[in-house]
Amino acid sequence: MHMTKKTKNTMKPPSQAQSSPVRSIVFEGVYNNARMLHFLTAVVGSTCDVRVKNGTVYEGIFKTLSSQCELAVDAVHKRCDGDVGGGGEGGGGENQASLPRTEDITDTMIFSPTDLVTMTCQDVDLNFAVRDTFTDTAIGSSRVNGEHREKVLQRWDGDGNGENFELESDTSNGWDANEMFRFNEEAYGIKSTYDSSLSMYTMPLEKGNSDVYRQREARAARLANEIEGSLQYRRRVSIENDEGKSEEEKYSSVAREREDRASPGFSSTSREGKYIPLPQRAREIGLSAGNMRGGASGRTTALTSSRHPPPSSSSPKPPSDRSSPQSVRTSYSPHQTQCSPPGASSPPCTNHVLPHSLSHPQALADTTCSSVNGVASRSSPKSQRLQSNRNLRTPNSQSSPAVSRAAKPEAPPQDLALIGPGFLDVSSSTITTASSCKPSGPTPLFPVDVNEILSTAAKERTESQPSSSPSATPASADPPQQSSAPAVDSSSSSSPGPPKPSTSSADLQQATQVAPPTMSPAVPTPPAPAGPQASGPERSQPETPQPTPTPSSSDESCPESSERAEAVSVAAVQVKNSTLNPNAKEFLPIKGTAVLKPASTPTPPRSVPPTPTVVLPPPGQPGGGGLYSSPPGHYLSYIPPIPLQGHSIQAPQMYQYTMSTVNQGKYPRAKGPMVAPRPEHHTSPASPMISAAASAAGPPLVASPYPQSYLQYGQVIQAMPPHYHGQPVYSMLQGGARMLTSGAPPQPMGPPGPQYPSQAEGPPGPQQALYAPQSFSHHSGSIHPQPSSTPTGNQPPPQHTAPSTGHTQSSQGGPQPQSMFHPGGLSAPTPPTLPPGHSSPQASYTMQGYSLSAHQPLPHGFPSISQLTQAHVTGPHHSGGHGHPPVMLHYGPPQQGSGSNPPHGPPPQQGAPQHFYIGPPQAVQVQAHPTQQLSFHPSAN
Amino acid sequence: MAGPGPGEYFSVGSHVSCLTCLGQRLQGEVVAFDYQSKMLTLKCASSSGKPNLNDVILINLAYVSDVDIINDRTETPPPLASLNVSKLANRARTEKEDKLSQAYAISAGVSVEGQQLFQTIHKTIKDCKWQEKNIIVMDDVVISPPYQVENCKGKEGSALSHVRKIVEKHFRDVESQKSMQRSQAQQTQKDSTLSS
């Protein structure tokens, strides 16, 4: 079992890496350790001796490693125990004895870290892949035409001219005409007939003193003034002359939307396209929040009826939670950047809307409208915030079916119109960002995205739901506990490697968490302080009177309740998203790529302390309770939202990331990552239900518009279906599969559009349906299985647990949830990233990389890490087409049961290895007893 | 997820010595340590004594006892350079192909000399392969056992003469190498006796 699971894990990471373009990958385990990754990658392709527990030594060519530090070694043969010599290939006659015969060589073996004692790579040139191509060193050492002498570099001596020559001081525009004439005359004896009056071409102006002449002169002057004074003229001239543009505007590759500038007046800041450091933004937000809070309390009641109030309330909330929101924002920023296009903004809207739409057709229409509006009017950042609030509201309205619905249609348009610009930002910032990014197109895209998101969300739900679930189950103390745990997990998950992918979910969780704190402290309604979050909680609260209680209990998780909670969580997630959005607005200015980088940079430090996750849990509990206050009963109603949640979930992941960072700040080394997974597990059960609902509404939508998003989603979906059939738990597994598939598929499938649509449509729906039943029966059980979905499957807990031992808070799900999260996070993240743009995924990666770097002080860590992952991933790429089947296998085994691992395990593993690792599918996993297992299972693949 | 960082068990750059459960004593400079997976990566001087190369050892601390920190280094480790992943992937692929090719030859009963010759030729001419016990270079020249210069056959021309030169040089090098190895082996023996 372990083996299989491990293989799965390994596979997942690679897949992620494979999707390098997308870069939605979440870093897990060892992948979070940039240094480890660097050095283990630097020895890729070198001969290694792997010594396992029983003393056996295997020699092969190191190929890659998984996030769980499972080592994939190619062309492995077992060395005689006594043979200590170097690689057989060394060539010396001495090695004869160790030279393997064809039948002795196993194509690929995967060594579990539990079996590995040492791996020794002899005579490795650590600079093999580091050498630069155009540095002095590289140039100096390069061998030209077999010349081995080191090239002597010659110093460039400018004779001091370089220093004395001032580019700016010479105002002459090249040669003066007179100089040329003189030169020509002196050198060639040519005399120019040039007359500066140009009398040969035009009539000299004769100035008269007549009144008529004066009048004409005056009129000409007046006309000239009019013309030159006109706005149009100025604009045109400025365009022609590039005036009014700062150097940055002219040459920066970061495009900032003008609209943002238009809304300088906004309370938060007068950004006017200038980059505002995150800290400053945070301050601003805080201020705005402080102002807004007053109105927050009344939101719940007023939300549906009057949307304006909600926005205000929402704005306040962010401030309260500031730290987390900020972090979230940072995470968002990447998304935003992705979404930078106007269209992007609309997507977010759609996401929000989608949930509604699911529940009510009308809502959909509204959403589309709103999205349109949003697109049309992006100008004011403020509006964005409002939008976010609105979004939140919409969720609320959903919770309250009839009334809210009616209100929704009306409100959305208005709000949307107003918020238009803001929406974009918000959406981007929120989970939607991922989905929205894809939708970059107009409104139509959004609906699709939403569906997709939903489908993905369903998968992700598990992750996101966990956090939300607790809140949902407020009625029962246990559920609340779960919710809290999930939140923690999310945060924790974010902190770990997975953070990147999971960031979106994490964000959601964070949002929820944030909300909780605000909520919990005061009354259930307290959420008001945190605008976005509050909105979510409010919804639930109205329906479910006792939000506060739940939060308190939230720490512990109950499977069943968790499921319900998941549904609720979905709603909560949406809300969270909305909250995120408010924050996101601030980021909008940054839309440019610059934003991503800033965010990434900040995140790294944060990410570094995974442990923070622990911190998160506490917040999550309170917040979760508040958010989830809405009882299970609402569940059905929530279902529609779920899809949205899915979207939101993705965003949440992003959030988680930020959250994690925040947490980290508080808790440098909490075992946070562990926690995150749990939430996922919990959610997973619920997610099926939701997914079913979503599938009904979602598939059609998804099919049409967003190819990119589809690709990702589609991949995920494909992976999912098989798993689903098996059990609820599978969903979790699927999540893992998704990761894998998602990563690989995107690249291979250059033309994702077609493939994805079909996949997304078909699989999502069925999967969801399947899941729903399963999830119900196996709430508790499912949770465990979910973990299995992650690499280790049932065993996942161990993996997670080991790292997150501290997570004990959520004792049950602790590890498992984490695993869930990871998958979900991964899957979810990828989709979002994909949509935004090709670059966006990378951005997400960069983020991860940063986080890594943060861990490891090294600045360069990122690149190397990403590369490393890619390298590892490379193997998986091959799977492109095959990816899905293998995934199935992998997942399948875990599902079947841990007990039967041996039989089932091998096949799946083999499949997995192939995908994950290099082309050669044959992979023999050496678990406990490498030698025994060594049997060459060239997996069929 | 603890990455290497302040407060870790092993700080990058420190030199440690540890004893594995298999009784193997390992010593080297810590280049990476992963707390969660309990994996420690050491960089050691090349076991073959080559100056520009290193041995890299990944150690599972779960199976290690007796870890001694010989000296600690508090300096921040140097930044990691980015790696050319495609280059690494290519290396992995070619290495694997070579090994499989070699295994094929061994399975076919090719002598060590033949294998070594093949490796040498392969370094210069990628287009060479085994056909049973014969080395086929560029589909043009066939080198059959015992792989001496006179065993190179093919169309007279530059290809054949070129291959002959390679083969000739190879055996010359092998001779000098063998003498080198002998002296080295003697040295290592002395060292081992001294150390023990």
Side-chain angles (χ1 to χ4, degrees), chain A residues 29-30 32-36 38-39 41-45 51 55 61 63 69 74-75 86 89 91-93 96 99-102 105 113 116-126 129-130 495-497 608 610 669 673 802-803 852 855-861 863-864 867-868 870-871 874, chain B residues 1-5 7 12 20-22 24 26 31-34 36-37 39 41 43 46-48 50 52-60 62-63 76-77 79-85 87-96 98-100 102-104 106-107 112 115-116 119 177-178 181:
Chain A
V30 178
N32 273 326
N33 189 327
R35 286 206 149 259
M36 186 64 78
H38 175 89
F39 282 97
T41 301
V43 299
V44 165
R51 212 169 285 266
I61 294 150
K63 188 173 200 176
C69 211
D74 270 358
E89 295 180 349
Q96 293 181 354
L99 289 179
R101 303 173 69 88
T102 302
I105 294 182
L116 172 79
V117 176
T118 62
M119 179 186 76
T120 306
C121 298
Q122 293 185 319
D123 295 348
V124 173
D125 180 2
L126 289 174
V130 172
S495 62
V608 175
R669 290 189 181 178
L852 291 173
H855 292 288
Q856 310 173 348
L858 306 177
H860 299 282
S864 65
Q867 292 179 354
L868 294 173
Q870 291 178 355
T874 55
Chain B
M1 299 322 212
V12 173
T20 69
C21 66
L22 298 175
Q24 205 178 7
L26 301 168
V31 291
F33 170 63
D34 188 66
Q36 279 201 332
S37 59
M39 290 292 178
T41 301
K43 184 175 81 175
S46 172
S47 53
S48 60
K50 294 173 186 168
N52 297 327
L53 304 179
N54 291 291
D55 283 1
V56 174
I57 308 177
L58 178 69
I59 304 169
N60 186 352
Y63 300 124
T76 54
L80 299 173
S82 62
L83 296 174
N84 185 337
V85 172
K87 202 174 171 186
L88 290 166
N90 282 336
R91 178 171 73 174
R93 196 189 64 246
T94 58
E95 287 285 325
K96 181 180 179 182
D98 290 351
K99 179 167 181 176
L100 293 176
Q102 188 182 38
Y104 171 84
I106 293 170
S107 299
V112 178
Q115 292 170 36
Q116 290 176 345
Q119 292 300 324
Q177 217 174 43
K178 280 182 180 174
Q181 289 174 352

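Computed over heavy atoms, backbone and side chain alike; hydrogens, waters and symmetry mates excluded. Every chain is numbered from 1 and lettered A, B, ... according to where its sequence line falls, protein lines coming before strand lines.
- Of the possible polar contacts, none joining the B/Lys96 side chain to the A/Asp74 backbone as a donor-acceptor pair under 3.5 Å is found.
- When the candidates B/Val31, B/Leu26, B/Ile59, B/Asn90 are compared by the number of heavy-atom contacts under 4.5 Å with chain A, B/Val31 comes out ahead.
- Heavy atoms only, all atoms of each residue included: A/Met36 and B/Asp34 are closest at CE-N, 3.5 Å.
- We find the CD1-NZ distance between A/Ile61 and B/Lys99 to be 5.5 Å, quoted to the nearest 0.5 Å.
- Heavy-atom minimum distance, B/Leu83 versus A/Ala42: CD1-N, 3.8 Å.
- Both the backbone and the side chain of B/Asn54 have a heavy atom closer than 4.5 Å to some heavy atom of chain A.
- Atom CG of residue A/Leu116 and atom OH of residue B/Tyr63 lie 8.5 Å apart, to the nearest 0.5 angstrom.
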Kindly indicate, with the supporting measurements, whether the criterion side chain to side chain contact (heavy atoms under 4.5 Å, CB included) is fulfilled by B/Met39 and A/Asn33.
-> CA-CA 11 Å; B/Met39 290 292 178; A/Asn33 189 327; over 6 Å; no
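- Here B/Leu58 is the residue among B/Thr94, B/Leu58, B/Leu22, B/Ile57 with the most heavy-atom pairs under 4.5 Å with chain A.
- Closest heavy-atom contact between A/Phe39 and B/Ala32: CD1-CB, 4.4 Å.
- Under the side chain to side chain donor-acceptor pair (under 3.5 Å) criterion, B/Thr41 pairs with no residue at all, not counting sequence neighbours.
- The backbone N or O of A/Val44 lies less than 3.5 Å from a partner atom in the side chain of B/Arg91, making a donor-acceptor pair.
- Taking A/Asp123 as the reference, B/Ser46, B/Ser48 meet the side chain to side chain donor-acceptor pair (under 3.5 Å) condition, with sequence neighbours excluded.
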